[in-house]
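On a predicted model such as this, the values are computed, not experimentally measured, just so you know.
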Amino acid sequence: MNCFTYNSPVGKMCIQDDGTAVTAVFLSDIECSAEPSPLAEKACAQLDEYFRGERKRFTIPVKPCGTAFQQDVWRKIQRIGYGKTVSYKDISESMGKPGACRAVGNACGKNPVLIIIPCHRVIGASGSLTGYAVGTEIKKYLLDFENNHKMDLPR
């Protein structure tokens with residue numbers, strides 16, 4: 001398992017990979033390796049592009065560890081467009097499990113690949129910025145950032 005520290009606008013992040021896919025991206029004050037793996041280098045480049053408002057979709061492979069339900073939720077979340085939001089209820093209904101809103105929320109809270117799997121785009125049914133594993137202040141920052149850097153769609 002490789003680990004590299006990435007300095008982001010929201011804090012130091014550890015990027016972990018297994019040589020074939022990114023397995024985790026999380027906030028941490030712990031310093032990891034001084035040399036990034038080739039995959040961590042690509043992840044850093046894509047995160048740099050994201051934080052410059054240039055990248056709207058991540059293309060690096062991810063392989064987060066979780067239950068089958070969590071994996072399903074994380075795949076749904078990866079389909080949420082840049083600058084868009086959906087509710088926990090929307091996700092649970094799209095999975096054919098309309099009563100699973102809390103379970104979707106729990107899966108979001110256990111997302112090990114921050115930003116790349118964009119759980120910050122999942123909000124409460126009322127539009128409220130409900131919990132985020134690393135704090136609602138960072139969730140608000142990321143949503144505001146994306147809304148200020150939306151690409152103009154071709155006509």
Please step through side-chain hydrogen bond (donor to acceptor under 3.5 Å, both in side chains) for the pair Tyr141 and Glu146, ending with a clear verdict.
CA-CA 9 Å; Tyr141 171 87; Glu146 289 182 8; over 6 Å; no
Between Asp90 and Ser87 (side chain of the first, backbone of the second, donor and acceptor by atom type, cut-off under 3.5 Å), is there such a pair?
yes
Is it the case that the side chain of Lys97 and the backbone of Ser94 share a donor-acceptor pair, with hydrogens and angles ignored and the cut-off at 3.5 Å?
no
Where is the tightest heavy-atom contact between Pro61 and Thr20, given as atom of each residue plus distance?
CG-O, 3.3 Å
Crowding at CZ, Arg52 (>12 non-hydrogen neighbours, <6.0 Å)
yes
To the nearest 0.5 angstrom, please state how far the NZ atom of Lys84 sits from the CG atom of Asn147.
9.0 Å
Side-chain touch Glu31/Lys12, heavy atoms, less than 4.5 angstrom
yes
So, does Arg121 use its side chain to make a donor-acceptor pair with the main chain of Thr85 at under 3.5 Å?
no
With the 4.5 Å side-chain cut-off for hydrophobic clustering, are Ile77 and Phe26 part of the same group?
no
For the residue pair Phe145 and Tyr50, does the interplanar ring angle fall in the parallel (under 30°), tilted (30 to 60°) or perpendicular (over 60°) class?
tilted
Do Phe58 and Phe4 land in one hydrophobic cluster if side-chain heavy atoms of ILVMFWY residues count as linked below 4.5 Å?
no
Mind checking whether Pro112 and Val25 have side chains closer than 4.5 Å, heavy atoms only?
no
Taking the side chain as C-beta and beyond, is there a heavy-atom pair between Leu143 and His120 under 4.5 Å?
yes
Give the C-alpha distance, both sets of side-chain angles, the deciding distance and a yes or no for side-chain hydrogen bond (donor to acceptor under 3.5 Å, both in side chains) between Thr23 and Asp18.
CA-CA 7 Å; Thr23 57; Asp18 65 4; over 6 Å; no
When rounded to the nearest 0.5 angstrom, what distance separates OG in Ser8 from CG in Leu114?
9.5 Å
State, to 0.1 Å, how close Leu39 and Gly19 come at their nearest heavy-atom pair, and which atoms those are.
CD2-C, 4.3 Å
Without swapping roles, check the side chain of Thr136 against the backbone of Lys139 for a donor-acceptor pair under 3.5 Å.
no
Side-chain donor/acceptor of Gln46 to backbone N/O of Thr59, under 3.5 Å
yes
For the student: nearest non-hydrogen atoms of Val62 and Ala21, plus distance
C-CB, 3.9 Å
Euclidean distance, Ile117 CD1 relative to Ile115 CD1, rounded to 0.5 Å:
12.0 Å
Rounded to the nearest 0.5 Å, what separates atom OH in Tyr6 from atom OG in Ser28?
15.5 Å
Could you state the interatomic distance from NZ (Lys56) to CD (Glu49), rounded to the nearest 0.5 Å?
11.0 Å
Tell me, do Arg75 and Asp72 make a side-chain contact under 4.5 Å, heavy atoms counted?
yes
Under 2.5 Å between the sulfurs of Cys32 and Cys3, yes or no?
yes
Just how far is it from atom NZ of Lys140 to atom CG of Leu142, taken to the nearest 0.5 Å?
11.5 Å
